[in-house]
**Q** 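The structure that follows is given in the form of structure tokens.
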Amino acid sequence: MLWSLFKIVLFVVIVTGLTLGAGFLMESNGGIQITAGGTEFTLGPLQSVIAALVAILVVWIFLKLFALLIATLKFINGDETAISRYFDRNRERKGFQALSEGLMALASGEGRLAMAKATKAEKYLHKPELTDLITAQAAEMTGDNKKAEEVYKRLVQNDATRFVGVRGLMKQKLNAGDTDTALKLAERAFAIKPKHEEVQDTLLRLQAQNADWTGARRTLNAKLKHGALPRDVHKRRDAVLALSEAKGVLDDGKTIEAQEAAIAANKSSPDLIPAAAMAARSHIAQGRGKYAIRILKKAWQAQPHPDLAAAFAEIEPNETAAARLKRFKQLTALRPEHRETKLLLAELNLAAEDFPEARRAIGDLAETEPDTRVLAIVAATERGQGASDAVVRGWLARALTAPRGPQWVCDNCKTIHADWTPVCNNCQSFDTLSWTTPPQSETVLPAGAEMLPLIVGAIEDKTNPVDDADIIEPAPIVPDEVVADTPVDEVTEPSEQAGETLEPEKK
């Protein structure tokens, strides 16, 4: 408010001063006399002031016109002037407008419009590092891979856009399935920007696919160094790579190096089941059974698994079934409530011909988690306890339609693998296999398959009546699907008498 009052007062003072000055000039005598060409001009005081102002205006206009003339001549000569800067600003405004429209078209999925706007922007801006990016992505969107590759190659030639060009070419080669060239481009992009997480992951995956375990471990260490990977994840993945490297050494026939690499992999990640099994077998080969037991017990405590039980059985391959059952208490006492422990106890008791104890070991798994392996064991216990063929065949028929149980499943694409591998065979993802139960397919058998056990039992009751003498008959043929999931041989080594009891009938 004070400032507004001050401006009003100042305006009044200026107007008053000008008015008083004009009045003073009009009342005063004298002036200016100008003689030109024999003609004399006499100007009063007020007229003299006005003439001076007009003269100043004329001189200013003359100087501006003269400067415009000089600028025009320089513009024609190609020098930078105000005129050139005006046209440059006008072109820049149009260019950035076309660039923004191209970005909007690209975000909207209009690839061809984005390419047209990028071409227009390049015409005005002459900045290929900006417009080529839009052109390349728009060409990819429209499926013009040849155009996109051409643009990315231009970007590689510029220091400022070299990484973008290399990364773009790498993705082009990956989409085309040329993994060898993509690996070289990924290595080049990693050399330019080692902190880029996408390039790190791509390079690590390609190195794993090409079994370059040493290079993959270097890339993994770089991810840890630049903070792109938690330390616990790094330890596990480094163990996976070390285990894969050990397998490669084993394939080359270098047994000692493979044993040392497997042991090192197990130390890095004791809960990695393949590493624990391989390290235990390395100790067994060197006659160090105590070390193998220690490794397997630690891994079993983390996650019970059939491969661990198989390796534990290899420590004493020639022991009797009763001795093996006693020795395996070191494992079964660690996680007694785990389903794998129950199945292992059932298999060991089957080998020892203690069928009632084997059935007790299974517990309620046949009702709560009925998979092929569980139902096959139940069928074996029923046969061992003298059940009729109808009962045994009923259990085996249930096994046909039951889930396969836990397997090595890729967390990314859900592909099932027979054995553990560091890279998924389907989606090529690294370290994504986990021991879990895959989702059960709804189309394994036609509708009504759940009635198969009852139908088989009914047929057996009608066609093969069972008397007391039939109780000791050999068990029927077990389907291949069931045999594939029966207990591991190393774990369940039945005696000769048990083998006679459980041997399938040859038809």
**Q** Would you say Ile284 and Phe312 make side-chain contact, with heavy atoms under 4.5 Å?
**A** no
**Q** Check whether any side-chain heavy atom of Lys117 lies under 4.5 Å from a side-chain heavy atom of Leu113, and answer yes or no.
**A** yes
**Q** What are the two closest non-hydrogen atoms of Thr131 and Ala121, and how far apart are they?
**A** CG2-CB, 3.8 Å
**Q** Measure across Met170 and Thr202 and return the closest heavy-atom pair with its distance rounded to 0.1 Å.
**A** SD-CG2, 3.9 Å
**Q** As a quick check of understanding, evaluate side chain to side chain contact (heavy atoms under 4.5 Å, CB included) for Lys223 and Asp201, giving each step before the final call.
**A** CA-CA 9 Å; Lys223 286 176 67 67; Asp201 295 337; 2.6 Å; yes
**Q** Can you find a heavy atom in the side chain of Arg188 that is under 4.5 Å from one in the side chain of Val156?
**A** yes
**Q** Where does the angle between the aromatic ring planes of Trp435 and Trp408 fall among parallel (under 30°), tilted (30 to 60°) and perpendicular (over 60°)?
**A** perpendicular
**Q** Under a 4.5 Å cut-off applied to non-hydrogen side-chain atoms, are Pro336 and Lys342 in contact?
**A** no
**Q** Could you grab the distance from atom NZ of Lys297 to atom CG of Leu334, nearest 0.5 Å is fine?
**A** 6.0 Å
**Q** How many angstroms lie between NZ in Lys94 and CG in Leu125, if you round to the nearest 0.5 Å?
**A** 12.5 Å
**Q** On a heavy-atom basis, which atom in Met278 and which in Leu243 lie closest, and how many Å separate them?
**A** SD-CD1, 3.4 Å
**Q** Would you call Asp238-Lys235 a salt bridge at under 4.0 Å N-O?
**A** no
**Q** Can a salt bridge be assigned to the pair Glu149 and Lys153 using a cut-off of 4.0 Å between side-chain N and carboxylate O?
**A** yes
**Q** Side chain to side chain donor-acceptor pair (under 3.5 Å), that's the test. Do Arg93 and Asn90 meet it? Break it down for me.
**A** CA-CA 5 Å; Arg93 179 181 58 80; Asn90 191 34; 2.7 Å; yes
**Q** Flag the pair Phe11 / Ile14 as yes when at least one side-chain heavy-atom distance between them is below 4.5 Å, and no otherwise.
**A** no
**Q** Pair Ile192, Arg162 - check side chain to side chain contact (heavy atoms under 4.5 Å, CB included), show working.
**A** CA-CA 8 Å; Ile192 299 173; Arg162 179 170 288 113; 3.8 Å; yes
**Q** Taking the side chain as everything from C-beta on, heavy atoms only, tell me whether His196 gets closer than 4.5 Å to Phe163.
**A** yes
**Q** Give a yes or no on this: more than 12 heavy atoms of other residues, nucleotides or ligands lie within 6.0 Å of atom CG of Asp364.
**A** yes
**Q** Looking only at heavy atoms, which two atoms of Trp213 and Pro422 are closest? And how far apart?
**A** CH2-CG, 3.6 Å
**Q** Could you give the distance from CG (Leu204) to CG (Leu229), rounded to the nearest 0.5 Å?
**A** 9.0 Å
**Q** Rounded to the nearest 0.5 Å, how far apart are CE of Met115 and CG of Leu106?
**A** 11.0 Å
**Q** Quick check: does any side chain N or O of His417 sit under 3.5 Å from a backbone N or O of Asn425, one acting as donor and the other as acceptor?
**A** yes
**Q** Could you walk me through whether His305 and Trp300 satisfy the side chain to side chain contact (heavy atoms under 4.5 Å, CB included) test, starting with their C-alpha distance in whole Å, then the side-chain angles of each, then the deciding distance to 0.1 Å, before giving a yes or no?
**A** CA-CA 7 Å; His305 192 275; Trp300 189 274; 5.5 Å; no
**Q** When you compare the side chain of Val423 with that of Arg205, does any pair of heavy atoms fall below 4.5 Å?
**A** no
**Q** Let's go through Asp371 and Arg404 carefully: what are the C-alpha distance in whole Å and the side-chain angles of both, what is the deciding distance for salt bridge (Lys or Arg N to Asp or Glu O under 4.0 Å) to 0.1 Å, and is it a yes or a no?
**A** CA-CA 6 Å; Asp371 58 30; Arg404 302 280 296 195; over 6 Å; no
**Q** In terms of side-chain heavy atoms, does Asp178 have a donor or acceptor partner in Thr181 at a distance below 3.5 Å?
**A** yes
**Q** If you count the non-hydrogen atoms of other residues, nucleotides and ligands that lie under 6.0 Å from CZ in Arg112, is the total more than 12?
**A** no
**Q** One thing to verify: whether Arg167 and Glu198 come together as a salt bridge, which I'm taking to mean a side-chain N less than 4.0 angstrom from a carboxylate O.
**A** yes
**Q** Check the pair Val13, Thr16 against side chain to side chain contact (heavy atoms under 4.5 Å, CB included), reporting the backbone distance first and the verdict last.
**A** CA-CA 5 Å; Val13 170; Thr16 304; 5.7 Å; no
**Q** In Å and rounded to the nearest 0.5 Å, what is the CG to CG distance from Asp212 to Leu206?
**A** 10.5 Å
**Q** Which heavy atom of Leu155 sits nearest a heavy atom of Gly165, and at what distance?
**A** CB-CA, 3.9 Å
**Q** Under a 4.0 Å threshold between the charged nitrogen and the carboxylate oxygen, would Arg281 count as salt-bridged to Glu314?
**A** yes
**Q** If I compare all heavy atoms of Leu375 with all of Pro370, which pair ends up nearest, and what's the gap?
**A** CD2-CB, 4.3 Å
